[in-house]
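Beneath this line is the structure, given in structure tokens, with notes to follow.
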Protein chains: 2
Amino acid sequence: MARPKEFDPEIAVDQAMEVFWRKGYAATTPQDLVDALSIGKGSLYNAFGSKRELFLRALRRYRDTQTAALVETLDRPGPVKERVRAALTAIAEMDLADPDHRGCLAMNSTAELARTDKEVADLSRRMLDITEDAFRTLIAEGQRTGEISPTRDPAALAALLANTVAGMRIVGRVPEARDRLTHIIDATINSL
Amino acid sequence: MARPKEFDPEIAVDQAMEVFWRKGYAATTPQDLVDALSIGKGSLYNAFGSKRELFLRALRRYRDTQTAALVETLDRPGPVKERVRAALTAIAEMDLADPDHRGCLAMNSTAELARTDKEVADLSRRMLDITEDAFRTLIAEGQRTGEISPTRDPAALAALLANTVAGMRIVGRVPEARDRLTHIIDATINSL
DNA sequence: GTTATTTTGTAATTCTGGGTACAGAATTTG
DNA sequence: CAAATTCTGTACCCAGAATTACAAAATAAC
């Protein structure tokens, strides 16, 4: 109906996500975004309205891709405990391999903004819910196959595993985290 | 030797800690600090040099008081598992009772600053180390008394417990955390 | 009581963050 | 092609952040 955009908003959101992930919300300036997305300020504000709106889009995108990746890993065939280990190991390796030590955008945002921004808080809650659901389903399967004791409460165990993931993503940001993360994974698997 | 300070720097650091804890580092302005400490800007900068230096003093103080409180709880008499439960419950209740949902200053600061501020990152690592040590000692005691299986690796289990605490303090900040935290504690105790 | 020293409060000061205004360019529709 | 509409880039704007400057005040030492 009129002049078309010269950039792809979806790609732009992805790029914005990287910036927010690396620097945090408050520390990211409009100029950082303009530089990273390679568009003008006019286009930025025309397309996304405000820094916060763009941030929320980026955070939603992050949640969706991350939870999908976790569910995908947990859904692969094999013994249940091995699948849990694979998922935790993937997360640990991801954090350790990242030279920027960005951790998890959602947990970082929770720490930074959950108190004042309800929308961010709800987004994080949703992400934890999805993570817990995925673990609960897996644990129930493990109890059917006999890999996990039927006396354990799947809901509680799932909450614990989701919490372990959340913790790892913060702990993975402090220096010399490798041994810590390895210990956490080993002890977790031995606790199932 | 000259004019004495009209305020107690120790108390001022405590008050600054409260502000940083509530608002985060970047979101705290010198004006916020001046208001909370009830001193002038001149005094603030004369006494502490810069916002960052004051923040680091506050963070150190936080680490010291928090770790001391945890160690104190874990050192109380009673069965080992009950002591772990008491410590986790105390943390959960603290987070749930706080109307501001501030979580843990050290973990919040890690999420916000660990990537760029080595001093903050090292401080957080130290706090995790102390926490882990306290749990490890307790677990060793549990293995001596037979409360905890001797086949388990105390170091790994301690890392897991410290990580559980770290996770809880983030997770406790999202809405409707009570059930989640209760589940986490129950599953943790059942995993020992 | 004078001097030296440190603290205090107020008033600048500088810089940046987040955003707006606007003129011109690129489209679609008819 | 004209009209209507939406995008783009540049320039501008204003508030507030973090600090500094400085004069006046309070004290200790002599």
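Here is the naming used below: chain letters follow the sequence lines, and residue numbers restart at 1 for every chain. Excluded from the calculations below are hydrogen atoms, water molecules and symmetry mates; all remaining heavy atoms, backbone and side chain alike, are included.
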More than 12 heavy atoms from other groups under 6.0 Å of CZ on B:Arg126: no
Contacts of B:Tyr62 that satisfy ring-ring contact (aromatic ring centres under 6.0 Å, His included) - sequence neighbours left out: B:Trp21
CG of A:Asn163 to CG of A:Leu128, rounded to nearest 0.5 Å, is 8.5 Å
To 10°, what angle do the rotation axes through the five end pairs on each side of the helix from C:dG1-D:dC30 to C:dG30-D:dC1 form? 10°
Residues passing the salt bridge (charged side-chain N to carboxylate O under 4.0 Å, His left out) test with B:Arg83, sequence neighbours excluded, are B:Glu141
Partners meeting side-chain contact (heavy atoms from CB on, under 4.5 Å) with B:Ala114 (sequence neighbours left out): B:Thr110, B:Ala121
Less than 4.0 Å between a side-chain N and a carboxylate O, is that true for A:Arg125 and B:Glu176? yes
Rounding to a whole Å, what distance do you find between B:Lys51:NZ and D:dA17:P? 9 Å
For A:Phe48 and D:dT8, what is the distance between atoms CZ and P respectively, to the nearest whole Å? 10 Å
Rounded to the nearest 0.5 Å, how far apart are CZ of A:Arg136 and OG1 of A:Thr131? 11.5 Å
When the ring planes of B:Phe20 and B:Tyr25 are compared, do they come out parallel, tilted or perpendicular, using 30° and 60° as the limits? parallel
Across the strands shown, which category fits A:Phe7 at heavy-atom distances under 4.0 angstrom: base, sugar-phosphate, nothing? sugar-phosphate
Any residue in residues 9-30 of chain B with a heavy atom nearer than 4.0 angstrom to DNA chain C? Just list them by number, or reply none. none
Find the distance B:Arg52:CZ to D:dT19:P and express it as a whole number of Å. 11 Å
Answer with yes or no whether the hydrophobic clustering places A:Ile189 together with B:Leu160; edges join I, L, V, M, F, W, Y residues whose side-chain heavy atoms lie under 4.5 Å apart. yes
Between A:Leu59 and A:Val120, does the side-chain contact (heavy atoms from CB on, under 4.5 Å) criterion hold? Intermediate values first, please. CA-CA 8 Å; A:Leu59 187 52; A:Val120 170; 4.2 Å; yes
Could you check which residues of residues 33-47 of chain B get a heavy atom under 4.0 Å from DNA chain C? Sort them by number, please. B:Gly40, B:Lys41, B:Gly42, B:Ser43, B:Asn46
d(CG, B:Asp32; P, D:dT19) in whole Å: 14 Å
Are A:Met127 and B:Val171 joined in one hydrophobic group, where the rule is that I, L, V, M, F, W and Y side chains link up if heavy atoms are under 4.5 Å apart? no
